[in-house]
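Working notes for the structure below.
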Amino acid sequence: MTTNNLPIIKGIGYAIPSRIVTNDDLTKIYDTSDEWIYTRTGIKERRFFASDEEAFDLLQKAANQAIKNAGIDKEELDLIVAATSMPVQFMPSSSCMVQKMLGIKKNVPAFDISVACSGFVYGLDIAKAYIKSGMAKNILLVTIDNCSRYVDWADRRTSILFGDGIGSAVISAGDTSDILVVDIKADGEVGDYITMPSLKGNCPFVDQTPTRQICTMKGQDVYKFVANIIPPYITDDILAKNNIYAEDIDYLVLHQANQRIIKAVQERLGYDDSKVISNIEKLGNTSASSILIAIGEGIKDGKIKTPSKAIICGFGAGMCWGGGVINLRDGIFKQENIFQK
Ligand code: COA
């Protein structure tokens, strides 16, 4: 069968871990309060991979869910990409772990990308390029960040924001494009806003000062950067430049970093609450996975109807950001394939 090599988002999946940590739980380790956290972020609770929970088991389930929803066989995949900046492990890569756990026989290429909370959008851009060039027909994109194990637990500003989670999507070659717009950007000049240096002090021949591998964040700088850049980026670069009117789009699915940022974009677009997908209250910031989880949950809970169109936008460490407009086709997330509680 011939196709026009246009990218179709055929199926998605997601997994959220079982350990719930509420704002009240955080008051046991910090001088903080539910009121402080909720009013500044919109977060009430988040999920962490539990002590007896293997993150890769959940990754396998989420990947299988996307493959089932896409209606393809795993052996039809010809590329696996994992977006992960706080990986469960560094080697083998998360993408190779998926390949192994799915039991894929062919030696299809598998690689990870590190673009933090922009992982899903960057992954879509890569998938689109591979498909348009004819280099791949069926791509599995997964997002997995092990935030709870890397955040700076000595910093009550940063640690309260994040949760763990996994997303998955199958992007295939077809006759019409579901990725109507995708755009990615970076500004390394402000890279010090969110950092996670690698371990130093391990080599016996050089400086042995021990370091920790911890994600630190300049919260106010990040907030100002995002609040200045993202709302006009969405209205000007994603919509206006591509001759798309905000009123022709059904949903806004922004990276779930802060409810105040979601609100600012919502107001700029003039959207009522029914068009804005937000699950930050229950899950916090799940980094690269937040957009996919929000779409999956939105469809599961009936907040998102398909077929429809959504504006998506991710932003985070780098600083990197990216946005787009995508079709959410019927069957992208089928009720019979849901395994989440
Ligand atoms: N509980 C109670 N008080 C806290 C607190 C906590 N968890 N964390 C910080 N505080 C205190 C501070 O010590 C400070 O007190 P002081 O004025 O006596 O010094 C006060 O609250 C204000 O701190 P500040 O850092 O100015 O808070 P803020 O209003 O900027 O909110 C963030 C902090 C992190 C919520 C906010 O900056 C933010 O949302 N940034 C964006 C982060 C983000 O989205 N990152 C992800 C991008 S992918």
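Numbering starts at 1 and runs along the sequence shown. Just follow the structure's listing: the first ligand is 1, and inside any ligand the first atom is 1.
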(message) Going by a strict under-4.0 Å cutoff (protein heavy atoms only), does atom 19 (O) of ligand 1 have a neighbour on the protein?
(response) no
(request) Would you check the N or O atoms of Arg260, main chain and side chain alike, for any that come under 3.5 Å of an N or O of ligand 1? (result) no
(request) Among all protein heavy atoms, pick out the one at the shortest distance from atom 47 (C) of ligand 1; state its residue, atom name and that distance to 0.1 Å. (result) Val222 CG1, 3.7 Å
(request) Identify which of Phe162, Tyr30, Tyr223, Trp36 has a heavy atom lying nearest to atom 27 (O) of ligand 1. (result) Trp36
(message) Counting only nitrogen or oxygen atoms and a 3.5 angstrom limit, does Ile194 reach ligand 1?
(response) no
(request) Could you verify whether a donor N or O on one side chain and an acceptor N or O on the other, from Ser172 and Asn138, lie under 3.5 Å apart? (result) yes
(message) Looking at ligand 1, would Phe315 count as a contact under a 4.0 Å heavy-atom criterion?
(response) yes
(request) Provide, to 0.1 Å, the distance between atom 42 (C) of ligand 1 and the closest protein heavy atom, together with that atom's residue and name. (result) Met217 CE, 3.6 Å
(request) Kindly confirm or rule out an N or O of Asn258 lying under 3.5 angstrom from an N or O of ligand 1. (result) yes
(message) I'd like to know if the side chain of Glu297 pairs up with that of Asn279 as donor and acceptor (distance under 3.5 Å, no hydrogens or angles considered).
(response) yes
(request) Could you list the atoms of ligand 1 found under 4.0 angstrom from a heavy atom of Thr41? (result) 35 (C)
(request) Answer yes when Lys185 and Asp183 have at least one side-chain N-carboxylate O distance shorter than 4.0 Å, and no when they do not. (result) yes
(message) Could you check whether atom 31 (O) of ligand 1 has a protein contact, counting only heavy atoms that fall below 4.0 angstrom?
(response) yes
(message) Between the side chains of Asp34 and Lys44, is the shortest nitrogen-to-carboxylate-oxygen separation below 4.0 Å, so that they form an ion pair?
(response) yes
(message) Below 4.0 angstrom, counting only protein heavy atoms, does anything approach atom 44 (O) of ligand 1?
(response) yes
(request) Below 4.0 angstrom from a heavy atom of Cys117, which ligand 1 atoms are there? Numbered from 1 as shown, please. (result) 48 (S)
(request) Decide if the gap between the ring center of Trp321 and the ring center of Phe225 is smaller than 6.0 angstrom. (result) yes
(message) Strictly less than 4.0 Å: does any protein heavy-atom distance to atom 24 (P) of ligand 1 fall in that range?
(response) yes
(request) Using distance alone, decide if ligand 1 has a nitrogen or oxygen within less than 3.5 Å of any nitrogen or oxygen in Thr32. (result) yes
(message) If the contact criterion is a heavy-atom separation under 4.0 Å, does Leu26 count as touching ligand 1?
(response) no
(request) Give the residue, atom name and distance (to 0.1 Å) of the protein heavy atom nearest atom 40 (N) of ligand 1. (result) Gly219 O, 2.9 Å
(message) With respect to Arg157, determine whether any N or O atom, backbone or side chain, lies less than 3.5 Å from an N or O atom of ligand 1.
(response) yes
(message) Within the supplied structure, the quantity of interest is the number of heavy atoms (other residues, nucleotides, ligands) at a distance under 6.0 Å from Asn202 CG; does it exceed 12?
(response) no
(request) Decide yes or no on side chain to side chain contact (heavy atoms under 4.5 Å, CB included) for Thr209 and Lys200, but give the supporting numbers first. (result) CA-CA 7 Å; Thr209 317; Lys200 297 186 181 113; over 6 Å; no
(request) May I ask you to say whether Asp250 pairs ionically with Lys275, meaning some side-chain N is under 4.0 Å from a carboxylate O? (result) no
(request) Flag Arg40 as yes when one of its N or O atoms lies below 3.5 Å from any N or O atom of ligand 1, and as no otherwise. (result) yes
(message) Between Asp152 and Arg157 (salt bridge meaning N to carboxylate O under 4.0 Å), is one present in this structure?
(response) no
(message) Give the atom numbers and elements of ligand 1 that come within less than 4.0 Å of a heavy atom of Gly316.
(response) 48 (S)
